[in-house]
Q: 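Below: one structure in structure tokens.
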There are 2 protein chains.
Amino acid sequence: MRPKSVVKEEAIVNIALQIISEEGLENLSMQKLAQAANISPRTIYLKYENKEDLLIKLFIDEVLGAYEKAILTGFDEGMEFAEGIKKLWQNGFQYMKNNRYAFSLMQYGKTSPLLNKAYAERNIQQGQFFAPIHRFLKMQVKNGIVKSLPFEVQRALLFAPFYDLMNEYFEHLDRPKQIITDKVLRDTCEAVISGLLKQS
Amino acid sequence: MRPKSVVKEEAIVNIALQIISEEGLENLSMQKLAQAANISPRTIYLKYENKEDLLIKLFIDEVLGAYEKAILTGFDEGMEFAEGIKKLWQNGFQYMKNNRYAFSLMQYGKTSPLLNKAYAERNIQQGQFFAPIHRFLKMQVKNGIVKSLPFEVQRALLFAPFYDLMNEYFEHLDRPKQIITDKVLRDTCEAVISGLLKQS
DNA sequence: CAAAAGTAAGTAAACATTCATTTACTTATG
DNA sequence: CATAAGTAAATGAATGTTTACTTACTTTTG
């Protein structure tokens with residue numbers, strides 16, 4: 001039996017992410033992808049059932065899965081509050097810097113109904129990625145460190161500014177000067193932390 | 001001369017926003033829009049040059065323009081810091097609650113290359129919407145009230161959580177219980193404010 | 001040589017956009 | 001004040017192109 005080419009499988013994934021990042025999700029077509037990856041359209045359909053299947057697997061496996069794993073590396077629910085959040089931000093920044101294309105598709109997860117649905121379903125099925133962070137925050141509230149707010153609100157306060165900064169970071173990559181430096185990121189993280197602390 | 005039907009013009013705009021919100025930007029086609037609005041495809045081209053023109057005008061005029069106007073109503077650069085930010089959040093929440101479809105297209109402004117480009121170009125041409133808020137924040141830094149951070153970072157800290165909450169608000173509209181209440185929004189706004197204050 | 005991997009060349013359906021007309025209304029005239 | 005001329009609004013059907021996906025065949029391996 002002829003063995004499958006790993007090179008081609010990786011090309012599909014990487015070039016798809018690149019097209020999405022550079023031209024937008026709406027401009028990724030199966031034909032364009034095949035041509036750019038120098039393969040036949042049919043080859044994509046050996047690995048993926050259809051376009052929807054491809055997009056969802058890219059989003060869930062290649063992007064979200066890898067990101068969630070990266071962000072939780074070295075993070076421990078027992079950490080002190082500020083220490084834990086800083087670790088998450090550091091990990092996130094490190095990962096994103098090296099995975100610009102993944103970041104682009106991740107952003108589509110909030111707008112595209114298809115990806116949004118896939119994301120919600122996955123979080124229901126397999127006890128979600130945010131579980132350790134959820135428990136971490138719950139403990140901080142219990143210990144009187146952090147303001148008692150719904151988890152969704154805490155998550156918004158802690159991470160929404162981070163994604164905004166990453167967006168800014170990538171936009172400034174193409175410009176003469178980068179404003180999102182490690183120091184700026186640390187300062188922003190501090191601001192986010194102090195906003196959630198109980199004693200203001 | 002046959003008078004033009006305002007009803008039809010409005011139908012194009014409203015139904016386009018509805019389709020984008022419910023099915024996604026990538027699933028809006030000119031023919032589908034025409035059918036849903038009960039007009040001929042040709043009629044859309046009387047008002048708009050092409051699909052790109054339609055999308056950009058929807059985004060810039062119908063969505064961003066209306067939002068920016070709404071959010072700045074009753075806001076004054078001379079306001080006290082917390083007061084000013086609370087006003088912006090209140091205005092934003094009020095507007096968004098009544099314009100779910102507009103919110104959806106607004107979110108696409110961050111991901112869609114087409115809309116992103118249109119947004120950037122507009123902000124360069126006509127001295128941007130954020131100018132009063134920019135000056136407001138600059139003054140607060142000068143007066144030693146607010147942490148000295150790049151404007152982009154302040155904007156991220158102040159407003160990124162807001163959009164996240166609006167997303168959550170709309171998702172919970174279809175569920176039995178709403179978690180994003182006026183009180184939760186006020187509390188979140190307070191947290192955002194305290195994160196930016198110089199004395200923690 | 002079995003059998004999966006891979007391909008070139010298709011397919012029907014959907015796409016954005018246009019053409020050639022018709023419709024609905026205003027207005028100038030007998 | 002009836003009616004025909006004029007005109008912008010609006011249209012249904014068609015344009016060529018691109019789409020996601022398939023068919024029929026070839027290549028490459030154990």
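First the proteins, then the strands, lettered A, B, ... as listed; each starts at 1.
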Q: Using whole Å, report how far OH of A/Tyr45 lies from P of C/dG6.
A: 16 Å
Q: Over how many whole Å does the gap from B/Gln35 atom CD to D/dT11 atom P extend?
A: 13 Å
Q: Polar atoms only, N or O, under 3.5 Å: list the protein pairs with nucleotides 19-21 of chain C and their distances.
A:
unit_1 : atom_1 : unit_2  : atom_2 : d
C/dC19 : N4     : B/Arg42 : NE     : 3.0

Q: B/Leu185 versus B/Thr181: any side-chain heavy-atom pair under 4.5 Å?
A: no
Q: Please state whether the base of D/dG12 and the side chain of B/Ser40 form at least one donor-acceptor pair under 3.5 Å?
A: yes
Q: If every non-hydrogen atom of A/Leu17 is compared with every non-hydrogen atom of A/Val63, which pair is closest and at what distance?
A: CD2-CG2, 4.0 Å
Q: Between P on D/dA20 and NZ on A/Lys32, what's the gap in Å once rounded to a whole number?
A: 10 Å
Q: Rounded to the Å, how far apart are B/Leu33 CG and C/dC15 P?
A: 12 Å
Q: Does NZ or CZ of A/Lys97 come closer than 6.0 Å to the centre of the six-membered ring of A/Phe93, within 45° of the ring's axis?
A: yes
Q: Determine, stepwise, if the pair B/Arg122 / B/Glu68 fulfils salt bridge (charged side-chain N to carboxylate O under 4.0 Å, His left out).
A: CA-CA 13 Å; B/Arg122 194 196 67 144; B/Glu68 294 173 358; 2.6 Å; yes
Q: According to the side-chain hydrogen bond (donor to acceptor under 3.5 Å, both in side chains) rule, which pairs have a member within residues 72-82 of chain A, sequence neighbours left out?
A: A/Glu77-A/Arg135
Q: Taking side chain as C-beta onward, heavy atoms only, is A/Tyr169 less than 4.5 Å from A/Met96?
A: no
Q: With sequence neighbours excluded, what pairs up with B/Asn99 under the side-chain contact (heavy atoms from CB on, under 4.5 Å) test?
A: B/Tyr95, B/Ala102
Q: If the threshold is 4.0 Å, N to carboxylate O, is there a salt bridge linking A/Lys57 and A/Asp53?
A: yes
Q: With the side chain of A/Gln31 defined as its heavy atoms from C-beta on, choose the nearest nucleotide among C/dG6, D/dA10, D/dA20.
A: D/dA20
Q: Would you call B/Lys86 and B/Glu190 a salt bridge, taking side-chain N to carboxylate O under 4.0 Å as the test?
A: yes
Q: If each of A/Pro41 and A/Leu46 is mapped to the nucleotide of DNA chain C with the nearest heavy atom, which maps nearer the 5' terminus, i.e. the 5' end?
A: A/Leu46
Q: The side chain of B/Asn50 is closest to which nucleotide in this list: C/dG6, D/dC21, C/dT17?
A: C/dT17
Q: Whole angstrom is fine here: how far is it from NZ in B/Lys51 over to P in D/dT17?
A: 19 Å
Q: Quick check on the 6.0 Å ring-centre criterion: do A/Phe136 and A/Phe75 meet it?
A: yes
Q: Would you kindly give the NZ-to-P distance between A/Lys47 and C/dA4, to the nearest whole Å?
A: 18 Å
Q: Any salt bridge between A/Lys183 and A/Asp187, counting N to O under 4.0 Å?
A: yes
Q: Can you measure A/Ile44 atom CD1 to C/dA5 atom C1' for me and round it to whole angstrom units?
A: 14 Å
Q: Write down the distance between CG (B/Leu54) and P (C/dC15), rounded to a whole number of angstrom.
A: 15 Å
Q: What residues form a side-chain contact (heavy atoms from CB on, under 4.5 Å) with B/Gln18, not counting sequence neighbours?
A: B/Glu22, B/Tyr101
Q: Could you identify which residues of residues 12-30 of chain B place a heavy atom less than 4.0 Å from some atom of DNA chain D, listed by residue number, or say none?
A: none
Q: For DNA chain C, find the residues of residues 112-119 of chain B with a heavy-atom distance under 4.0 Å and give them by number; none if there aren't any.
A: none
Q: Is the phosphate of C/dA24 approached by B/Lys8 (side-chain N or O, under 4.0 Å from OP1 or OP2)?
A: no
